[in-house]
Number of protein chains: 2
Amino acid sequence: MKKLEHKNCMLSILPVRDTLDVIGGKWKILILISIMEGNHHFREIERSIPNLSTKVLSDQLKDLETNQLISRSVSNGFPVRTAYTLTEHGKTLQKLILEMHNWGVLHRKKIIQ
Amino acid sequence: MKKLEHKNCMLSILPVRDTLDVIGGKWKILILISIMEGNHHFREIERSIPNLSTKVLSDQLKDLETNQLISRSVSNGFPVRTAYTLTEHGKTLQKLILEMHNWGVLHRKKIIQ
DNA sequence: CAGAATCCAGGATGATACTG
DNA sequence: CAGTATCATCCTGGATTCTG
């Protein structure tokens, strides 16, 4: 079985890209972690993450909901009260986030020195 | 121990962000995987990843080298022949990439249905 | 409180041509 | 082959204001 020239590796890559689409970017993981750590309301999440604007938070929450990582529930009182929580599917991300955390720590050690 | 209002979770988040800075974005992981799979020369890597332009590849390779994930060696012949390979540090990413791959597969199943 | 609507700037990305 | 140089473009992200 000969090795191909410039092997095209898109097949093995697509799932990785899917993952990055869903949790990559500047804010998505931060928002997920914030919710995991107990922040459930819009302003709560917003204030827990420095430099996060309302528009960006709003956009990102929609994406996360579309990808079924979080669910949104709205109270019927006034003022309106919403709550964002992780779905079961969202919870499957925790292991991956932990891995990313660990590697980040390792990398910082490696680079700083 | 009372739970804080809008708990600020930046401390637990910084390492995750480091990781995303290093391997996030549209191309970095694809390039790493391409090298892992046996593509070592500039044109080889370029052709293995659809829609990747030479400028972007060049930029990204520099970033990866700066972060000590890959190393670059140049032959003394003509035409010039370069080879990119994973460093030991770069290899520590393989586990994480595998996790991302697995989660991507899981997620696609979840969403498609 | 929860978010939508606008508007805007800067960086990331891309296409193409060129050099050694 | 292995890139660099330029220039165009897209798009994320950010500031601000406004509504229910």
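Side chains included, hydrogens not; waters and symmetry mates left out as well; all remaining heavy atoms used. Proteins get letters first, then strands, A, B, ... in listed order; numbering begins at 1 in each.
- Leu57(B) contributes atom CG, which lies 11.5 Å from atom CZ of Arg47(B) (distance to the nearest 0.5 angstrom).
- Within the 4.0 Å cut-off from OP1 or OP2 of dG3(D), not a single side-chain nitrogen or oxygen of Arg81(B) is found.
- Contacts of residues 56-66 of chain B with DNA chain C (heavy atom under 4.0 Å): Val56(B), Gln60(B).
- Asn76(A) places its CG atom 15 Å from the P atom of dA2(C), with the value rounded to the nearest Å.
- In this structure, CG of Leu30(B) is placed 11 Å from P of dT13(C), rounded to the nearest angstrom.
- When rounded to the nearest whole Å, the span between CD of Glu46(A) and C1' of dG13(D) equals 14 Å.
- Partners of Lys62(B) by side-chain hydrogen bond (donor to acceptor under 3.5 Å, both in side chains), not counting sequence neighbours: none found.
- Across the protein-nucleic acid pair, His40(B) atom NE2 and dG3(D) atom P stand 15 Å apart, rounded to whole Å.
- Here Arg47(B) reaches the OP1 or OP2 of dC1(D): one of its side-chain N or O atoms lies under 4.0 Å away.
- Computed from coordinates, the Phe42(A) CZ to dG20(D) C1' distance equals 15 Å when rounded to whole Å.
- The separation between Lys26(B) atom NZ and dG11(C) atom P is 19 Å, rounded to whole Å.
- A side chain to side chain contact (heavy atoms under 4.5 Å, CB included) with Ile35(A) holds for exactly one of Leu64(A), Leu30(A), Leu69(A), Ile45(A); it is Ile45(A).
- Taking only side-chain nitrogens and oxygens, His41(A) comes nearer than 4.0 Å to OP1 or OP2 of dA2(C).
- Look at Tyr84(B) and you'll find a side-chain N or O under 4.0 angstrom from OP1 or OP2 of dG3(D).
- Leu52(A) places its CG atom 15 Å from the P atom of dT16(D), with the value rounded to the nearest Å.
- For Trp27(A) and dT12(D), the shortest distance from a side-chain N or O to OP1 or OP2 is not below 4.0 Å.
- Closest to the side chain of Thr82(B), out of dG3(D), dG14(D), dG14(C), is dG3(D).
- Between Lys28(A) and Val22(A) the shortest heavy-atom distance is CD-O, 3.0 Å.
- Here Lys55(B) pairs with Asp59(B) under the side-chain hydrogen bond (donor to acceptor under 3.5 Å, both in side chains) rule; sequence neighbours left out.
- Under the side-chain hydrogen bond (donor to acceptor under 3.5 Å, both in side chains) criterion, Thr66(A) pairs with no residue at all, not counting sequence neighbours.
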Under a 4.0 Å heavy-atom criterion, the protein footprint on nucleotides 15-20 of chain C, written with B, S and -, is B-----
Using atom types as modelled, flag every donor-acceptor pair under 3.5 Å from a side chain in residues 89-97 of chain B to any protein atom, sequence neighbours excluded.
residue  : atom : partner   : partner atom : Å
His89(B) : NE2  : His107(A) : ND1          : 2.8
Lys91(B) : NZ   : Glu88(B)  : OE2          : 3.3
Thr92(B) : OG1  : Trp103(A) : NE1          : 3.0
Thr92(B) : OG1  : His89(B)  : O            : 2.5

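- In summary, the side chains of Ser71(A) and Thr85(A) do present a donor paired with an acceptor at a separation below 3.5 Å, with no hydrogens or angles considered.
- How far CD of Glu46(B) is from OG of Ser53(B): 7.5 Å, rounded to the nearest 0.5 Å.
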